[in-house]
Protein chains: 2
Amino acid sequence: MPPAGPDRRPTLADVAARAGVSTALVSIVMRDVPGASVATRERVRRAADELGYRPDARARLLRSSRSRLLGVVFGVQHAFHGDLLAGLYDAAEQAGYELALSAVTPGRGEQRAVDSLLRDRCEALVLLGPSSPTAHLSGLATRLPVVVVARSVRSAAVDVVRTADDEGMHLALDHLVGLGHCDVVHVDGGRAPGAAERRRGYREAVRRHGLTPRVLPGGLTEDDGAAAARTLLAGPLPGAVTVFNDRCALGLLDVLRRAGRTVPGDVSVVGYDDSRIARLSSVDLTSVAQDVERLTALAVRRALDRLDGVPVEQRELVVPPRLVVRSTTAPPRWSGRSRGDGRAGR
Amino acid sequence: MPPAGPDRRPTLADVAARAGVSTALVSIVMRDVPGASVATRERVRRAADELGYRPDARARLLRSSRSRLLGVVFGVQHAFHGDLLAGLYDAAEQAGYELALSAVTPGRGEQRAVDSLLRDRCEALVLLGPSSPTAHLSGLATRLPVVVVARSVRSAAVDVVRTADDEGMHLALDHLVGLGHCDVVHVDGGRAPGAAERRRGYREAVRRHGLTPRVLPGGLTEDDGAAAARTLLAGPLPGAVTVFNDRCALGLLDVLRRAGRTVPGDVSVVGYDDSRIARLSSVDLTSVAQDVERLTALAVRRALDRLDGVPVEQRELVVPPRLVVRSTTAPPRWSGRSRGDGRAGR
DNA sequence: GAGGCGGTCTAGAACGTTCTAGGGCTGGGA
DNA sequence: TCCCAGCCCTAGAACGTTCTAGACCGCCTC
């Protein structure tokens with residue numbers, strides 16, 4: 001269907017020649033800005049269609065000082081980043097911006113991902129759970145607005161949009177304590193983004209309820225959870241466990257169940273992220289949900305505010321999480337409240 | 001550290017002025033091509049560093065006819081696409097190409113993902129498991145080389161790089177039959193890319209072994225697998241099950257085990273993709289592995305061959321899979337061969 | 001001493017857009 | 001009649017690179 005030569009892409013000039021007008025006018029028509037009569041618009045449009053003309057993003061951006069391009073660095077491994085990407089696309093589109101994606105892979109570090117976006121003349125950068133040192137991020141932020149999502153960064157130069165992870169742990173503990181639990185262990189995320197906040201939130205919440213905290217080393221994969229479960233099985237089982245994220249919780253669940261323990265019968269388990277896996281009917285994991293839509297909308301908004309020089313009041317935007325109660329939490333066996341359906345709050 | 005004004009990015013001209021040379025010479029130095037003395041190189045490099053100069057990819061690509069840019073469309077939902085991306089980055093880098101990423105999300109269809117890449121002046125397109133109709137892909141391929149990965153397309157215009165899915169199912173069945181199984185059910189992937197080939201491969205292999213095929217509707221998520229498991233539990237259990245992919249297998253495993261059936265004791269299960277989940281020690285799923293490195297290397301190679309006008313002999317490149325035997329497969333209980341360790345081949 | 005040659009370097013024209021100035025019209029008011 | 005405003009349209013200069021031609025210099029060769 002597309003016509004003729006695979007030799008050269010048609011340009012504005014080709015369309016102009018065919019329609020018998022100037023390139024400037026074609027540009028006007030293609031951008032849908034005022035300055036052309038209806039009749040000409042029609043004619044130009046037809047010529048463009050016949051030639052299969054597509055505007056050249058490079059040339060366009062080269063000319064106009066604003067690139068209306070938002071760079072996003074994401075990790076290819078993290079399912080959660082996929083969700084964030086979807087939200088970012090939506091938010092960027094509403095603001096009239098395009099996204100330029102750059103992935104971090106096992107063979108391609110954050111530095112390289114960022115470099116490629118800088119070459120692309122992005123106006124601002126959105127980094128999903130970056131692992132670069134703070135100093136490096138600060139340096140980057142002197143060049144262009146940098147918004148970090150899902151990790152907290154102690155630097156006055158970069159903006160942060162994140163979930164109130166401590167609050168999420170409070171929700172989890174309120175829920176568990178409300179069910180009657182009084183020994184809740186936390187399986188940690190180590191150095192992963194958000195892990196420190198969640199650990200801190202757990203400690204606070206446990207103390208607030210007058211209980212004693214116990215933190216077990218974990219990580220962000222199922223294997224880390226499985227290892228933690230084995231540690232747990234070595235001693236007397238706690239009544240409940242909060243886990244750094246859903247993946248880790250999954251590994252933990254699996255090992256516990258294979259060891260003959262029932263969930264939530266013997267142990268209650270709370271995950272984090274409310275990932276697709278958690279929502280599956282076969283898993284049905286109680287989990288702390290991050291508000292993806294809000295996180296992404298705020299991240300884009302903040303980047304644009306910085307670009308427009310809008311004064312911002314707080315560098316860090318914290319979005320409240322939400323507890324999604326499913327079937328891995330229930331009153332403890334010994335509590336005499338075992339008729340509870342596991343979905344009741346306090 | 002980066003100097004002075006956040007007002008304007010330094011350009012070639014700025015560096016040239018500071019180093020006291022022409023822009024052309026700076027260009028030569030930055031590109032590391034012959035045509036400048038060591039002394040000047042040194043001087044220009046220093047000037048560039050001092051200014052924090054970064055080349056502008058847009059302008060660069062605008063000028064040079066070849067963009068050395070490969071467009072990749074991927075689905076934000078699919079973990080497997082993440083693996084492929086990592087491989088594509090490696091392959092592209094070795095060939096001196098850059099990748100331009102465009103994601104398909106719930107709110108952003110394939111068409112839009114492709115359009116944005118076309119505007120970016122990519123030289124060729126790599127589509128990961130696209131769902132567009134064949135006719136549409138053919139149309140696209142008249143504009144620029146199109147390589148489809150992990151889906152087979154009946155169009156003379158587009159190249160395909162995929163795993164020999166039928167062969168994968170043969171491997172799975174040879175393994176199971178070798179263990180002594182004679183009733184193997186397949187849980188299907190429906191309309192998902194690759195599902196048809198795997199189903200066909202299953203049917204062929206079963207017939208070849210003189211057994212009778214039985215295909216159960218499934219899908220690509222854990223929930224689909226869970227549903228299939230419930231169907232299975234309604235009747236007499238087969239000795240073994242092959243499943244469309246690992247995620248689906250996971251859901252199936254979960255439901256079977258919760259119903260008190262043991263794997264591989266009561267049923268053997270084989271997944272597909274050898275995903276990270278399958279490899280986890282707690283899951284340890286026997287699975288058919290796709291050769292990601294080879295798939296991606298071939299995809300890039302093929303795209304470049306088309307660009308260079310190298311004549312290609314076969315439009316479809318089929319990569320053999322590999323069976324990774326883990327602990328979800330073992331001889332059937334009734335077979336009298338129960339002392340087999342489940343890892344033995346035929 | 002003329003000519004040629006390799007090594008450095010530069011001027012200026014691309015590349016495909018958008019933007020700034022302005023040039024013709026047409027029509028309406030003084 | 002003249003002027004001005006408004007519409008539609010165009011010429012030509014950007015944007016930041018790369019590429020093509022060629023200039024200049026010193027040295028070697030004949």
Side-chain angles (χ1 to χ4, degrees), chain A residues 7-45 47-48 51-69 96 98 116 118-123 143, chain B residues 5 7-45 47-48 51-69 96 98 116 118-123:
Chain A
D7 36 7
R8 201 175 56 85
R9 275 178 69 143
T11 74
L12 267 194
D14 298 325
V15 180
R18 174 174 264 253
V21 296
S22 71
T23 61
L25 190 54
V26 178
S27 170
I28 285 172
V29 173
M30 296 319 284
R31 276 177 298 146
D32 249 342
V33 294
S37 68
V38 241
T40 333
R41 268 181 212 282
E42 171 62 24
R43 197 149 42 93
V44 169
R45 282 253 165 63
L51 288 176
Y53 169 75
R54 307 263 177 160
D56 183 328
R58 315 259 147 194
R60 169 175 289 184
L61 296 184
L62 174 58
R63 169 59 218 192
S64 42
S65 46
R66 311 266 324 232
S67 71
R68 301 198 80 77
L69 209 55
E98 291 264 332
S116 114
L118 286 180
R119 277 193 300 271
D120 280 347
R121 281 275 190 274
C122 294
E123 294 184 17
R143 298 182 157 279
Chain B
D7 35 6
R8 203 175 54 86
R9 277 177 69 143
T11 73
L12 267 194
D14 298 325
V15 180
R18 173 173 265 254
V21 296
S22 71
T23 60
L25 192 53
V26 179
S27 170
I28 286 172
V29 173
M30 296 318 284
R31 277 176 298 147
D32 249 341
V33 294
S37 68
V38 238
T40 336
R41 268 181 213 282
E42 171 63 23
R43 197 149 41 92
V44 168
R45 281 253 165 63
L51 289 176
Y53 168 76
R54 308 263 177 158
D56 182 328
R58 315 260 147 191
R60 171 174 286 184
L61 296 184
L62 173 58
R63 170 59 220 195
S64 42
S65 46
R66 309 267 323 231
S67 71
R68 302 198 80 79
L69 208 54
E98 292 264 331
S116 113
L118 287 179
R119 278 194 299 272
D120 280 346
R121 282 276 188 275
C122 294
E123 294 184 18

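Chain identifiers are assigned alphabetically (A, B, ...) following the order of the sequence lines, protein sequences preceding nucleic acid strands; residue numbering begins at 1 within each chain.
- When every heavy atom of A:R60 is checked against every heavy atom of A:R31, the shortest pair comes out as NH2-CG, 4.4 Å.
- One distance of note links CG of A:L61 with CD of A:E98; it measures 8.5 Å at 0.5 Å rounding.
- Comparing the end axes of the helix from C:dG1-D:dC30 to C:dA30-D:dT1, each fitted to five base pairs by superposing C1' atoms of four pairs onto the next four, gives an inter-axis angle of 70° (nearest 10 degrees).
- Salt-bridge annotation for B:R45 and B:D32: present, with a side-chain N of the basic residue lying under 4.0 Å from a carboxylate O of the acidic one.
- Between B:G52 and A:R143, the shortest heavy-atom contact is O-NH2, 3.2 Å.
- Chain B approaches DNA chain D within less than 4.0 angstrom (heavy atoms of the protein), and the contacting nucleotides run 5' to 3' from D:dG16 to D:dC19.
- Closest non-hydrogen pair, A:D120 versus B:A57, comes out as OD1-CB, 3.5 Å.
- In terms of heavy-atom proximity, B:V29 sits nearest to B:A36 at CG2-CB, 4.1 Å.
- With contacts defined as side-chain heavy-atom distances shorter than 4.5 Å, the pair A:M30/A:V15 does not qualify.
- Atoms OG1 and CD1, on B:T23 and B:I28 in that order, are 9.5 Å from each other to the nearest 0.5 Å.
- Atom OG of B:S116 and atom CZ of A:R54 lie 11.0 Å apart (nearest 0.5 Å).
- Listed here is the closest heavy atom pair of B:D56 and A:L62: OD2-CD1, 4.5 Å.
- A heavy atom lying under 4.0 Å from DNA chain D marks the following residues of residues 24-41 of chain B, by number: B:A24, B:S27, B:R31.
- Nucleotides of DNA chain C nearest to B:R63 and B:S22 differ in position, and the one nearer the 5' end is that of B:S22.
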